[in-house]
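Contents: one structure, followed by commentary.
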Amino acid sequence: MEPAGLLLLDKPAGFSSTQALARAKRFLASRKGGHTGTLDPFATGLLPLVFGEATKFSRFLIDSEKSYLATLKLGMESTTGDTEGEIVSRGPVSVTDAQVESALARFRGAQEQTPPMHSAVRIDGRRLYEHARAGREIERAPRAVEVTRLEACSREGDELRIAVTCSKGTYVRTLAADIGRALGCGAYLIALRRTAVGPFRLEEAVALGQLEAAGPEAAREFLRPLEVLVEG
């Protein structure tokens, strides 16, 4: 029987969301599944996956607020805003904690954000990252997003760790670059871990290795009933 339900997966680094889904489908012996909002390959953390009849309700999580722990490298910028790009600028870092707080305050609340060129947004029938790989810079319209939480967690040298809760469509790497520019030194994202999607938390998630070790029948015990997708 085809499994149905929600799987909270702790995605490891080095996998695209599609690759992580393919592995989960294999470990669950499932033919029908989908994800509810992608994580970049270098990012880790909560990736809710839906199987069987639950795929009909994935939009509820796609539209949900999401939370992250992000680590910024101050004093540098990359072409993609994260570790997957090339470093394009370097500069000295001389900012105080008070200046960090002032910069973060600028990006709390409702705002407009321009999607990065290295993103899956579709323009003129092609993904922006496809245009970027071809060396084309495409004009992008800013989009309305909201950052409901943005706090500094720790700082070690030129690395700043922040907690972010934001609306769907918010690019944390764009936020990191914007914070770096506000500080006057530049910044890019060197680590990103998603800690929550809607009501679901990373602490509830299962690793791919656990699914593989369990075998298909036992792995299906990790599935939550589709009703949890429509509660509230």
Side-chain angles (χ1 to χ4, degrees), residues 8-15 17 37-47 64-119 142-198 200-205 207:
L8 300 178
L9 180 71
D10 184 352
K11 187 189 85 67
F15 287 84
S17 297
T38 61
L39 273 176
D40 290 334
F42 90 102
T44 68
L46 185 58
L47 181 67
S64 293
E65 219 176 37
K66 295 162 179 78
S67 296
Y68 302 87
L69 286 176
T71 304
L72 284 59
K73 180 71 172 178
L74 304 180
M76 299 181 185
E77 292 186 320
S78 82
T79 53
T80 59
D82 58 29
T83 59
E84 297 182 338
E86 298 178 0
I87 301 300
V88 292
S89 71
R90 299 174 186 267
V93 179
S94 179
V95 296
T96 65
D97 290 344
Q99 288 172 318
V100 168
E101 171 53 34
S102 178
L104 296 181
R106 291 174 54 178
F107 298 101
R108 296 187 187 116
Q111 59 199 275
E112 289 194 330
Q113 187 185 74
T114 301
M117 277 300 303
H118 290 269
S119 66
R143 297 181 170 194
V145 299
E146 185 172 8
V147 177
T148 55
R149 181 191 181 201
L150 182 57
E151 298 175 2
C153 298
S154 62
R155 183 178 172 191
E156 296 182 13
D158 295 341
E159 293 186 5
L160 172 66
R161 197 177 193 217
I162 61 174
V164 183
T165 300
C166 53
S167 64
K168 76 165 187 174
T170 305
Y171 288 91
V172 181
R173 52 198 161 100
T174 298
L175 182 62
D178 289 342
I179 291 169
R181 294 186 187 109
L183 289 169
C185 61
Y188 76 107
L189 204 58
I190 60 171
L192 183 66
R193 187 155 176 78
R194 188 153 69 191
T195 57
V197 176
F200 303 110
R201 299 292 178 266
L202 178 59
E203 292 77 13
E204 307 170 81

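Side-chain contact between F200 and S64: absent, with no pair of heavy atoms (C-beta onward) separated by less than 4.5 Å. For the pair V145 and L175, the minimum side-chain heavy-atom distance is 4.5 Å or more. Put simply, the side chain of R90 reaches to within 4.5 Å of the side chain of M76, judged on heavy atoms. Side-chain contact between F107 and V147: absent, with no pair of heavy atoms (C-beta onward) separated by less than 4.5 Å. Looking only at side-chain heavy atoms (C-beta outward), E151 and L104 stay at 4.5 Å or farther from each other. In this structure, Y171 and T114 have side chains that are not in contact, with every pair of non-hydrogen atoms separated by 4.5 Å or more. Counting heavy atoms from C-beta outward, L72 and I190 have side chains that stay 4.5 Å or more apart. Taking the side chain as every heavy atom from C-beta outward, T148 and E146 approach each other to under 4.5 Å.
A donor atom on one side chain and an acceptor atom on the other are found under 3.5 Å apart for T44 and R193. No side-chain donor-acceptor contact under 3.5 Å links S17 and T38.
Here the closest non-hydrogen pair linking S67 and T165 is OG-OG1, 2.8 Å. Considering every non-hydrogen atom in both P142 and E112, the closest pair reads CG-OE1, 3.7 Å. For the residue pair L46 and L202, the shortest heavy atom distance occurs at N-CD1, 3.6 Å. Across all non-hydrogen atoms, the minimal contact from F42 to A13 is O-CB, 3.8 Å. Of all the heavy atoms in V93 and R155, the pair that sits closest is CG1-NH2, 4.0 Å. Of all non-hydrogen atoms in L183 and A103, the two that sit nearest each other are CD2-CB, 3.7 Å.
For the pair D82 (side chain) and E84 (backbone), a donor-acceptor distance under 3.5 Å is present. Formation of a donor-acceptor pair under 3.5 Å by the T79 side chain with backbone atoms of E86 is found in this model. Looking at R149, its side chain never comes within 3.5 Å of a backbone N or O of V164 through a donor-acceptor pair. Side-chain atoms of R201 come within 3.5 Å of backbone N or O of G198 as a donor-acceptor pair. A donor-acceptor pair is defined here as one N or O able to donate and one able to accept, closer than 3.5 Å; such a pair exists between the side chain of K11 and the backbone of A43. In this structure a side-chain-to-backbone donor-acceptor pair under 3.5 Å is present from Q99 to T96.
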Test log, rule salt bridge (charged side-chain N to carboxylate O under 4.0 Å, His left out), inputs R173 and E77: CA-CA 11 Å; R173 52 198 161 100; E77 292 186 320; over 6 Å; no
Determine, step by step, whether L39 and Y68 satisfy the side chain to side chain contact (heavy atoms under 4.5 Å, CB included) criterion, reporting the C-alpha distance in whole Å, the side-chain angles of both residues, the deciding distance to 0.1 Å, and the verdict. CA-CA 11 Å; L39 273 176; Y68 302 87; 4.2 Å; yes
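Between R108 atom CZ and C166 atom SG the span is 14.0 Å, to the nearest 0.5 Å. Note that CD of E159 and CZ of R161 are 10.5 Å apart. Values are rounded to the nearest 0.5 Å. Note that CD1 of I162 and CG of L189 are 7.5 Å apart. Values are rounded to the nearest 0.5 Å. For the atom pair S167 OG and R143 CZ, the distance stands at 11.5 Å (nearest 0.5 Å). Here the OH-CD1 distance, from Y188 to I179, works out to 15.5 Å after rounding to the nearest 0.5 Å.
K168 has no carboxylate O lying under 4.0 Å from a charged side-chain N of E65, or vice versa, which leaves the two without a salt bridge. We find that K73 and E156 are not joined by a salt bridge, their nearest charged nitrogen and carboxylate oxygen being 4.0 Å or further apart. Using a 4.0 Å cut-off between a side-chain N of Lys or Arg and a carboxylate O of Asp or Glu, D178 and R106 do not qualify as a salt bridge.
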